[in-house]
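Accompanying notes for the structure given below.
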Amino acid sequence: MQNILQVIKSKYQAQFPTSSTPPEFLIFFNDLPTNDFNTLFTSLPKQLNYFPAAVPGSFHGRLFPESSVHLVHAACAMHWLSKMPEELVDGNSPAWNKGRVHYTNAVEGVGRAYAKQFAEDMERFLSARAVEIVSGGMIVIIMAGVPHGMPYIQLPAGLMYDCMGSILMEMATQGLVSEDQVDGFNLPLYAASPEEMSDLVERNGEFSIEKMELTNPASWLKGPVDIRDWVIHMRAVLEKLFTTHFGSEIIDEFFERLVKSLSAISNQIESSYREGIQLLAVLKRK
C-alpha cells in the first residue's frame, strides 16, 4: 500500500503542482473473518500517511457501499477458489480426483471442474466490485498464472502439488492416513492464463482491460531453488488446510517427506518453466 500511495501522490502532484492540500487516503484491508486483524494493525508503521481500516468477509461477494472505492488491489488472492467442486470427491463423476490433491496431472474432467469454479468466482468478484468501484476506478490483480495451453506440471508449483498427492498416497499405504481422506482432499488453487482471464473480464462486461500479462515473480532468483525454504514458505500458506482435513499428527512427517521428494527431482524443478507464472491484470471500471 505504501508503494501504491506513493504513485498516486506523485501523479496528483504532477497534475496539481500548486495544490498545498494533498488528498487524504482511507485504506481498507480485507481478509476472511478468521484473519488476525490485531496482528495486522500492530505490524503497521507508527507513522502512517493513510487511515487504516479492516473489512472482514469474502471478496467473492459485496464488501463496500455502492460507488465508494477508487482502487482495489487483490494481492496473491484471486487464485484461491471460494469452494471445491463437489464432483471432485464423487466416485461416480468423471471429475473424481482420486489419489491426487490438485488438477496437476489429473484427468481432463478435473481441470474443467476447477476452471468452471474459477469462472464462477471471477464473475461474482467482478460483479461485486462493479457496484462498489466508482466509474474510472481500477482493479489491480496479482495472482498465480500459466501460459495458455501449458500443462501445469511444467511449472514448479505443479511439480510440488503432484508430489504432495504421491506422498499422501504413500502415507495411506502405511496406515498414517486413509485413502478416503486423500481422495476427499483437494487444494483450492487455480492458475489462469491471460487469455482465460481476458475472456472472463470481457464476458462480465463491466471493466475494460488496461493490462493483462504474465510476469516473473522471482526475476531476482538466479541460483538454484532452496527446497527446504520453499517448503517452509508453502507450509505457512497451506498447513491449515492439511491439519483441518488430516489432523495435526502427520503434518511434520508430511512436509519433511515433501522436502525429500522435491530434493530428489531438484534438476526437474530447476529446468521447469518460471519466467511467466504470475498473472498481472489491470482493469478499469467503465
Side-chain angles (χ1 to χ4, degrees), residues 58-61 74 76-129 139 141-169 172 179-207 209 212-214 234 237-238 241-242 244-245 272-274 276-281 283:
S58 170
F59 53 67
H60 293 110
C76 302
M78 296 308 302
H79 46 249
W80 289 95
L81 300 179
S82 65
K83 63 178 182 178
M84 292 309 305
E86 295 181 0
E87 54 265 40
L88 298 180
V89 295
D90 181 357
N92 297 315
S93 169
W96 185 28
N97 202 21
K98 180 174 177 56
R100 299 189 180 278
V101 300
H102 194 246
Y103 62 87
T104 304
N105 256 1
V107 297
E108 187 176 344
V110 174
R112 283 199 302 265
Y114 266 84
K116 181 175 181 290
Q117 185 61 54
F118 177 75
E120 292 175 358
D121 287 348
M122 276 303 303
E123 173 59 28
R124 291 171 56 204
F125 173 85
L126 293 173
S127 295
R129 301 296 85 78
I139 299 178
I141 296 172
I142 297 174
M143 60 173 286
V146 62
H148 181 66
M150 178 176 284
Y152 204 62
I153 191 64
Q154 295 183 19
L155 277 61
L159 291 168
M160 174 178 279
Y161 301 153
D162 200 48
C163 279
M164 286 179 173
S166 298
I167 291 167
L168 286 170
M169 287 302 292
E179 192 169 329
D180 286 343
Q181 279 182 301
V182 181
D183 293 342
F185 179 78
N186 292 281
L187 292 170
L189 297 165
Y190 184 80
S193 69
E195 292 80 0
E196 183 178 12
M197 181 68 87
S198 296
D199 180 65
L200 295 175
V201 174
E202 291 169 0
R203 193 186 309 173
N204 174 265
E206 301 289 351
F207 295 87
I209 299 174
M212 186 75 70
E213 65 183 19
L214 289 172
M234 293 305 295
V237 176
L238 300 174
L241 292 175
F242 282 93
T244 299
H245 189 82
S272 62
Y273 181 81
R274 41 185 161 158
I277 56 175
Q278 179 174 270
L279 178 62
L280 169 64
L283 313 176

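In this structure, the side chains of M197 and M212 come closer than 4.5 Å at one or more pairs of heavy atoms. Between F185 and F242, the closest side-chain pair of non-hydrogen atoms falls below 4.5 Å. Annotation: side chain of L283 is not in contact with side chain of R129 (no heavy-atom distance under 4.5 Å).
The CG atom of L159 sits 9.0 Å away from the CG atom of N105 when rounded to the nearest 0.5 Å. Going from atom CD of Q278 over to atom CD of E213 covers 10.0 Å, rounded to the nearest 0.5 Å. Annotation: the span from L155 atom CG to T104 atom OG1 amounts to 9.0 Å, rounded to 0.5 Å. Summarising the geometry, atom CE belonging to M78 is positioned 6.0 Å from atom CZ belonging to F118; distances are rounded to the nearest 0.5 Å. Remark: H102 NE2 to L88 CG distance equals 10.5 Å, nearest 0.5 Å. In this structure, E87 CD and K116 NZ are separated by 6.5 Å, a value rounded to the nearest 0.5 Å.
The shortest non-hydrogen separation linking A95 to G109 is CB-O, 3.5 Å. When all heavy atoms of S193 and P147 are compared, the pair lying nearest together is CB-C, 4.3 Å. Residues A119 and L200 come closest through the heavy atom pair CB-CD2, 3.6 Å. Closest heavy-atom contact between P94 and V107: O-CG2, 3.6 Å. The two residues Y273 and P156 have their closest heavy-atom pair at O-CD, 3.2 Å. Scanning all heavy atoms of the two residues, the minimum distance from L214 to G276 falls at CD1-O, 3.4 Å.
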For S127 and E206, run side-chain contact (heavy atoms from CB on, under 4.5 Å): C-alpha distance rounded to whole Å, both residues' side-chain angles, the deciding distance at 0.1 Å, then the answer. CA-CA 8 Å; S127 295; E206 301 289 351; 5.8 Å; no
Residue pair W80, V237: steps toward the side-chain contact (heavy atoms from CB on, under 4.5 Å) verdict: CA-CA 11 Å; W80 289 95; V237 176; 3.5 Å; yes
Run the numbers on M84 and Q117 for side-chain contact (heavy atoms from CB on, under 4.5 Å), then give the verdict. CA-CA 8 Å; M84 292 309 305; Q117 185 61 54; over 6 Å; no
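Each side chain to side chain donor-acceptor pair (under 3.5 Å) pair with one or both residues in residues 91-100, not counting sequence neighbours, appears once here: N97-N186, K98-E179, K98-D183, R100-D162.
Shown are L189, L280, L279; of these, the side chain to side chain contact (heavy atoms under 4.5 Å, CB included) with M143 is made only by L279.
Relative ring orientation between Y190 and Y114 is described as parallel, the plane-to-plane angle staying below 30° on a 0-90° scale split at 30° and 60°. Ring orientation note: the planes of Y161 and Y152 are close to parallel, at an angle under 30° on the 30°/60° scale.
Side chain of H148 to backbone of E195: no donor-acceptor contact under 3.5 angstrom is found. In this structure, the side chain of H245 engages the main chain of Q181 through a donor-acceptor pair within 3.5 Å.
If you check the side chains of E202 and S198, you find no donor sitting under 3.5 Å from an acceptor.
With salt bridges taken as basic N to acidic carboxylate O contacts below 4.0 Å, none links R124 and E120.
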